[in-house]
Each structure stands twice: as C-alpha cells, then as structure tokens.
Amino acid sequence: MHRNGPFTEEEIREVGRAAARLAWEGGMTVLRPDGEVVPIPLVAEPEVLDGERLAALAEESTAILTGAVKLARGLLARGDPRDREALLGPFEGLEAEAMGRLFTEAPCPAVVARVDFLPPGDGGMPRALELNATIPAMPAYADLAAHSWVSAAARARGMGPREERELLARLGSHMEMLRETLVAFHRSRGGTAERPSIAIVARPGDAQIGELRRLAAHFRQMGHAAQVLVPAETDPDRHDVLYRHVWAHRTPPDAPFARALREPSRWVLANPVNGLLEAKALFARLSETAEDPALAALAGLDPREREAAARLPWTRLHGEALVPRLLARREAYVLKRSWDYGGKSVHLGAETEPSAWERIVREAAADRRGGGFVAQERIFARRRPATRITPAGAEPGELYRDVSTYGGMLPVHPRGSVVRAAASPIVNILGGGGLAPVISREVWERLH
C-alpha cells in the first residue's frame, strides 16, 4: 500500500493544509518572548501506529517512571555522594526546598509523566531516551494535531458529520485522559466534587499558552471551573486541583502558589516539585540496573521495571573512566548534561569532528554543573519523506520522528502518544520540524 493510503500526494497536502488551519485556530501555537504568536507546523503525513504498539509504549513509559521513582528513593537514602549531588545539586531556593518533601510528603511523586522514545532506523520498537516528569506537556497539542487531521481527512473522503464524530471518538483524547487522571487524583485525596475546579498554573508569558488555553476550554466543556493562572494569582485554597505547568525556580517564593509547592500533602497538586526524576543521571543509573543486580535490588525494581530498564539505551554517568570508550567509538555515543531540557547541551558524536569531540568529552568528564554529563548509546533513526505545513505553505522534505508517550503512577493515568518531527536528529518542533498527527491503524483503515 502507498505510504499515504487512499490519498494522492496532492490530496495529502490538501488534507494537511486544512488540518493545519483547524489546529492553529484551536491553539496549536507558541508565544515568543517578543509577544508574537507562531503556529506550530503540522506534518501532513500522519504517524499510523498499531494499537498493540501504542499499548506497549504506554506500559513501558509507566514502568520507566515507577522504576525511576523507586531508584531515586533508594539512591537518596543509600546511594553514594555522587548520586545525591547529581540528583539534588542542580536545584536551589524554593525548588530545592520543595523537592526535599517529594518522598516524605507528596502523596504521588508523578501523577503524569512522559517518556520520549526514538524509533530506530530498522523499524524496531522505539527506545526510550529520557523521562519528563515536571511539565509533561503537549496533550492539547497532540489532540489538535490528530483531531484536526482526522476531521480534514474525513471531509476529504466525503464522509458526513456523524462518521467524522465516530472516527474522532475512536481516536480518543489526550486532554480527556488528563482530565480523568486529575479527577481520579482529586478523589484519591478525599475530594468529593463530581467536577472539581482546576487551576492550570503557568508562568507569565508561557510559550505554550495556546495549549493551556485549549486545555482549560476542554475542562470547562466537561463541566469544570477551569482557569489558566500565574503563580502570583493562584490561591491554593480556591481550587480543588492545581495542575502545575511552571518550573519551581520560576515561581516567586512569596507567590500564593508557592505554598502548595512547599506543602504538597495539603493540596491536590499535580505534579509536586520533582525535577530530580527527570535528571538524566537518574536515567543513567536506571539503565545501569540492567547490568547491576545489587543496584536493581537497592531500588526494589519489580520484573516489569527491570525489563523496561533492560530496554533502555546504554547510559552512564560520564567521568574520566569513560573517556577512552567514547573516543574510540565516537559515532556510537551522545553526551547530554544531566539537568537540561529542550535539546540543549546535547552533543552527537557522529555529527562532531573528532578533534572537537575529544575536547567535548574531556571537558564534560570534569564538568559537574547541572549534575554533570551522561554518555548514552546513540539510537540511529532514519529520516522519512514528510511535508511540513507552515503559514508560508507546504514544504516537502525528509524528517526524523520521535514518539513521546504518557504515563503516571496512579491507577488512572494518561496513556497516549504524541509525535514530533524535525530535520535534525535532535527533535525540536520549531527548529525545522513540527507535530505529526498520531492515528491508530483502526482509524486509518476506516478512512480507506
């Protein structure tokens, strides 16, 4: 079958254009520091995934999360000084104060999380690259991309409104899974409101304000009182659920919302301050449990978590002992700062000149800022033909795609996936990339 299924190349571009307009109108945009609202490009060709693969990624995502939480507890209690420095050293002020209560007061260290996977070029099962537990963003973006694409495709195929609604229902909703998770968390904490009020707390000028407003609109549509607020105007006592979309270090210590960060047991806060969970040093140590039974036992990993750890790319805390290995096989490794985000401080050996790589490797071995660096086995993806839809028009090319899958520690938690695409192996949705609609194979086949 042709990669575009029943659509010709021109038809898939027209569907992409129509879908992009719908998604941008709904809020699939970012806010730049200068105040400009920029549409996020949409990839016209959807990512079609089997239900079994989506379910397997969701299970693995949650196993990585729960394994990381167990390991973090164990390392902070019984690990060596470098572990504690790597996990706690990058944080200070309110962030450090609040994180000190993560394992003593917070009822759930991670109500929602997201694991970023990369599909290898051979078409095998995607491999996890990192865990996001502080702000596991993009549920509204994911819905806007997928729902807009399915609506546009259904109309292009001549389907009526009823058939379109049926396809959207089969597609499911990331926003709805998040809502159900927050309601379940509220009830697990003794809340009785059928539709608890929800405050979405973000920093002033949040780049993802389009997503947050769309999320609040969905919550209101489902019967909740929901607002997007900044920390200075968020009184924890006035809301049943606090959904945090702001870093603790960007929360003024005297803001009303800071009270909730300092006392996570008092309010329904998702998530508490838990930045250490997404430190790549912790990911490295989780990878190490696959070869170190004593470390796995220290964490108390169950078989499911051990299996997930064994599938992680080889990842280790970087130091002088690893320098010869990384220099001997430059193309096989990536260096990442333990505490960073957005693809910053990432060095790809295969894309770096040997002399520059040697300098980076040696300097990183002695650099303990931000928890130091980790060395990770490179997962080589392949670029695929793709058409980015931007306000300027359709841009054919070849893009890498990752897949990010949600999980959580409660019995009710999100389980969907979102796909980003980019021209660079370090995937960034604005740096030459965009979002690809994730479509289940069942929905895809019904469009034929």
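Heads up: numbering here begins at 1 and tracks the sequence.
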*Can a donor-acceptor pair be found between the side chains of T387 and E395 at a distance below 3.5 Å?*
no
*E307 atom CD, over 12 foreign heavy atoms within 6.0 Å*: no
*Residues in side-chain hydrogen bond (donor to acceptor under 3.5 Å, both in side chains) contact with S417, at least two apart in sequence or another chain*: T405
*Once you round to the nearest 0.5 Å, how far does CD of E363 lie from CG of L335?*
11.0 Å
*asked:* Tell me which pairs pass side-chain hydrogen bond (donor to acceptor under 3.5 Å, both in side chains) where either residue lies in residues 69-89, with sequence neighbours left out.
replied: K70-E305, D83-R285
*Name all pairs fulfilling the ring-ring contact (aromatic ring centres under 6.0 Å, His included) condition that reach into residues 288-317, sequence neighbours left out, sorted by first residue then second.*
W314-Y333
*A110 versus L65, closest heavy-atom pair with distance*: CB-CD1, 3.7 Å
*Kindly determine whether E47 and R384 satisfy salt bridge (charged side-chain N to carboxylate O under 4.0 Å, His left out), including the steps that lead there.*
CA-CA 11 Å; E47 185 73 16; R384 292 155 46 193; 3.2 Å; yes
*Step by step, would you call R383 with R401 a side-chain contact (heavy atoms from CB on, under 4.5 Å)?*
CA-CA 7 Å; R383 291 190 294 183; R401 300 188 186 202; over 6 Å; no
*Listed by chain and number, what are the salt bridge (Lys or Arg N to Asp or Glu O under 4.0 Å) partners of R21, not counting sequence neighbours?*
none
_Apply salt bridge (charged side-chain N to carboxylate O under 4.0 Å, His left out) to residues E59 and R415 and explain how you reach the verdict._
CA-CA 8 Å; E59 290 298 323; R415 301 175 58 84; 2.9 Å; yes
*Can you find a pair of side-chain heavy atoms, one from T29 and one from Q208, that are under 4.5 Å apart?*
no
*asked:* Determine whether V201 and Y243 satisfy the following criterion, side-chain contact (heavy atoms from CB on, under 4.5 Å), listing intermediate values before the conclusion.
replied: CA-CA 6 Å; V201 189; Y243 178 61; over 6 Å; no
*For residues R316 and S287, is any side-chain donor paired with an opposing acceptor at under 3.5 Å?*
yes
*asked:* So L171 and V438, do their side chains get closer than 4.5 Å, heavy atoms only?
replied: no
*Check the surroundings of atom CZ in R53: do more than 12 heavy atoms from other residues, nucleotides or ligands lie under 6.0 Å from it?*
yes
*Drop me the distance from S61's OG to L131's CG, to the nearest 0.5 angstrom.*
7.5 Å
*Relative to the ring of F7, is the ring of W444 parallel (under 30°), tilted (30 to 60°) or perpendicular (over 60°)?*
tilted
*For R17, enumerate each residue passing the salt bridge (Lys or Arg N to Asp or Glu O under 4.0 Å) test, keeping only those at least two apart in sequence or located in another chain.*
E10, E14
*Inter-residue atom distance N132.CG - R114.CZ, 0.5 Å rounding*: 4.5 Å
*asked:* Just to verify, what does A350 make a side chain to side chain contact (heavy atoms under 4.5 Å, CB included) with, not counting sequence neighbours?
replied: E331, R378, F380
*asked:* If you count heavy atoms of other groups shown closer than 6.0 angstrom to CZ of R329, is the number above 12?
replied: no
*Which distance, rounded to the nearest 0.5 Å, do you find between the NE2 of H413 and the OG1 of T62?*
3.5 Å
_Using the side chain to side chain contact (heavy atoms under 4.5 Å, CB included) definition, which of the options N271, T234, V268 pairs with L242?_
T234
*asked:* Test of understanding: with side-chain hydrogen bond (donor to acceptor under 3.5 Å, both in side chains), list the residues that count as partners of R362, not counting sequence neighbours.
replied: E358
*Contact check, side chains of V403 and L57, non-hydrogen atoms, under 4.5 Å*: yes
_Counting the benzene-type ring for Trp, do Y406 and H174 have ring centres under 6.0 Å apart?_
yes
*Partners passing side chain to side chain contact (heavy atoms under 4.5 Å, CB included) against P396 (at least two apart in sequence or in another chain)*: R13
Sequence neighbours left out, cut at 3.5 Å: what donor-acceptor pairs do the side chains of residues 88-98 make with other protein atoms?
residue : atom : partner : partner atom : Å
E95     : OE1  : H249    : ND1          : 3.3
E97     : OE1  : R262    : NE           : 3.3
E97     : OE2  : R262    : NE           : 3.2

*asked:* Show the nearest heavy-atom pair for residues A232 and P256, with the distance to one decimal.
replied: O-CD, 3.4 Å
*Between H347 and V334, does a side-chain contact (heavy atoms from CB on, under 4.5 Å) hold up when you go through it step by step?*
CA-CA 6 Å; H347 306 281; V334 178; 6.0 Å; no
*With the side chain counted from C-beta on, respond yes when V69 and F103 share a heavy-atom pair under 4.5 Å apart, and no when they do not.*
yes
*In Å and rounded to the nearest 0.5 Å, what is the NE2 to CD1 distance from H239 to I200?*
11.0 Å
*asked:* Quick one, I389 and V43 - any side-chain contact, counting heavy atoms below 4.5 Å?
replied: no
*Do you know which two heavy atoms are closest between P231 and A202, and how far apart they sit?*
CD-O, 3.2 Å
*Less than 4.5 Å apart, any side-chain heavy atom of I12 and any of E45?*
yes
_Can you tell me how far apart CD1 (I439) and NE2 (H147) are? Round to the nearest 0.5 Å._
8.5 Å
*Excluding sequence neighbours, so at least two apart, what forms side-chain hydrogen bond (donor to acceptor under 3.5 Å, both in side chains) with R369?*
D367
*What residues, two or more places apart in sequence or in another chain, satisfy side chain to side chain contact (heavy atoms under 4.5 Å, CB included) together with L129?*
L118, P313, K336, Q376, I379
*side chain to side chain contact (heavy atoms under 4.5 Å, CB included) with R311: which residues, sequence neighbours excluded?*
E60, M125, R127
*Less than 4.5 Å apart, any side-chain heavy atom of C108 and any of L410?*
yes
*Go through the steps to decide whether R382 and D122 satisfy the test salt bridge (charged side-chain N to carboxylate O under 4.0 Å, His left out), and finish with yes or no.*
CA-CA 8 Å; R382 63 181 176 88; D122 62 8; over 6 Å; no
*Minimum heavy-atom distance L399-A421, with the two atoms named*: CD1-CB, 3.9 Å
*Does the side-chain contact (heavy atoms from CB on, under 4.5 Å) test come out yes or no for K280 and T315, once each step is laid out?*
CA-CA 9 Å; K280 296 172 185 65; T315 311; over 6 Å; no
_Can you confirm whether T134 sits close enough to N274 that some side-chain heavy atom of one is under 4.5 Å from a side-chain heavy atom of the other?_
yes
